[in-house]
Amino acid sequence: MATRYWLMKSEADVYSIDDLESDGKTMWDGVRNYQARNNMREMKKGDRVLYYHSRQSPPAVVGLATVVRESYPDPTQFEPKNKYFDEKSDSEDPRWWLVDVAFDRKFDEPVSLHDIKDEPSLSEMVLVNNSRLSVQPVKKAEFDRVLKMAGEKA
DNA sequence: GCCAACGTTGGC
DNA sequence: GCCAACGTTGGC
């Protein structure tokens, strides 16, 4: 199956691409939005991810990650002391799922949200039209365009 | 730090 | 099943 493309948001001051680089890979835990969860359940190993920093100035795509483990139940939903604990989730039928992603690379030139909004060929990006979705699909042409804007080769 | 936009919850 | 109230996200 063809590689697919995604964008994942992280609050820059909570878990940045530098954190991902030093960890190598991470569990994308804490997603508590059904649409974002559904997107993660569609991800396949090898899919490529635009890594986006929200809540920084300016917000921007700052690098790339790769899906290295396909979806499995988010363990934090069953940990009562965890801030992502969900008492309504049943261990026989978990509500929240996640994937593991690995660091790929950091851009020399981040691509800001402002630049994405200014680029006509990116006007259909989910990022532009549904700013609150934290895990979203990206078209190959969009992915390639963002890479080009970052001065990178696919 | 503010607040608009959006998603979820829960009363009816 | 509707929708008001509430909580959260994220740009500014």
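In what follows, every chain begins at residue 1, and chains take the letters A, B, ... in the order their sequences are listed. Because the structure is a prediction, the values reported are computed rather than measured.
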Exercise. So which of residues 113-123 of chain A are in contact with DNA chain C, with a heavy-atom cut-off of under 4.0 Å?
Worked result: Leu113(A), Lys117(A)
Exercise. Which nucleotide sits closest to the side chain of Ser54(A): dG11(C), dG7(B), dT8(B)?
Worked result: dG11(C)
Exercise. Considering only heavy atoms, which members of residues 85-98 of chain A lie under 4.0 Å from some atom of DNA chain C?
Worked result: none
Exercise. Using a distance-only test with no angle check, is there a side-chain donor-acceptor pair under 3.5 angstrom linking Asp23(A) and Tyr15(A)?
Worked result: yes
Seminar exercise, completed: Whole-Å distance, Gln56(A) CD to dC12(C) P, equals 13 Å
Exercise. Distance only, no hydrogens: is a donor on one side chain within 3.5 Å (strictly under) of an acceptor on the other, for Ser54(A) and Glu11(A)?
Worked result: no
For this session: To the nearest Å, give me how far apart CD (Glu11(A)) and C1' (dT9(C)) are.
Result: 8 Å
Exercise. For the rings on Tyr84(A) and Trp28(A), is their centre-to-centre separation under 6.0 Å?
Worked result: no
Exercise. Looking at Tyr52(A), does any N or O in its side chain come under 4.0 Å of the phosphate oxygens OP1/OP2 on dG11(C)?
Worked result: yes
Exercise. Can you check whether Trp96(A)'s main-chain N or O pairs, donor with acceptor, with Gln77(A)'s side chain at less than 3.5 Å?
Worked result: yes
Exercise. Do Lys148(A) and Asp144(A) meet the salt-bridge criterion of a basic N to acidic O distance under 4.0 Å?
Worked result: no
For this session: Check whether the side chains of Arg105(A) and Thr66(A) place a donor and an acceptor atom closer than 3.5 Å, and report yes or no.
Result: no
Exercise. Do Leu7(A) and Val49(A) have side chains that get closer than 4.5 Å, going by heavy atoms?
Worked result: no
Exercise. Of all the choices, dG11(C), dG7(B), dA5(B), which nucleotide is nearest to the side chain of Arg132(A) once you look at every atom?
Worked result: dA5(B)
Between the protein and nucleotides 1-4 of chain C, which nitrogen or oxygen pairs are less than 3.5 angstrom apart?
none

For this session: Could you tell me the separation between the CG atom of Asn129(A) and the C1' atom of dG11(C), rounded to a whole number of Å?
Result: 15 Å
Problem set entry | Whole-Å distance separating the CG atom of Leu133(A) from the P atom of dG7(B) | 8 Å
Exercise. Should the pair Arg95(A)-Asp90(A) be classified as a salt bridge under the 4.0 Å nitrogen-to-oxygen rule?
Worked result: no
For this session: Starting from P on dG7(B), measure out to OH on Tyr34(A) and report it in whole angstrom.
Result: 14 Å
For this session: May I have the distance from Lys83(A) (atom NZ) to dT8(C) (atom C1'), rounded to whole angstrom?
Result: 12 Å
Exercise. Over how many whole Å does the gap from Gln35(A) atom CD to dA5(B) atom C1' extend?
Worked result: 14 Å
Problem set entry | Short N-O contact, Asp104(A) and Arg48(A), less than 4.0 angstrom | yes
Problem set entry | Distance-only donor-acceptor check, side chains Tyr72(A) and Asp100(A), under 3.5 Å | yes
Problem set entry | Ion pair check, Asp18(A) and Lys106(A), cut-off under 4.0 Å | yes
Problem set entry | Whole-Å distance separating the NE2 atom of His53(A) from the C1' atom of dT9(C) | 16 Å
Exercise. Cationic tip of Arg145(A) within the cone over Phe143(A)'s six-membered ring, i.e. under 6.0 Å and within 45° of the normal?
Worked result: no
Problem set entry | Arg32(A) (side chain) and dT8(C) (base): donor-acceptor pair under 3.5 Å | no
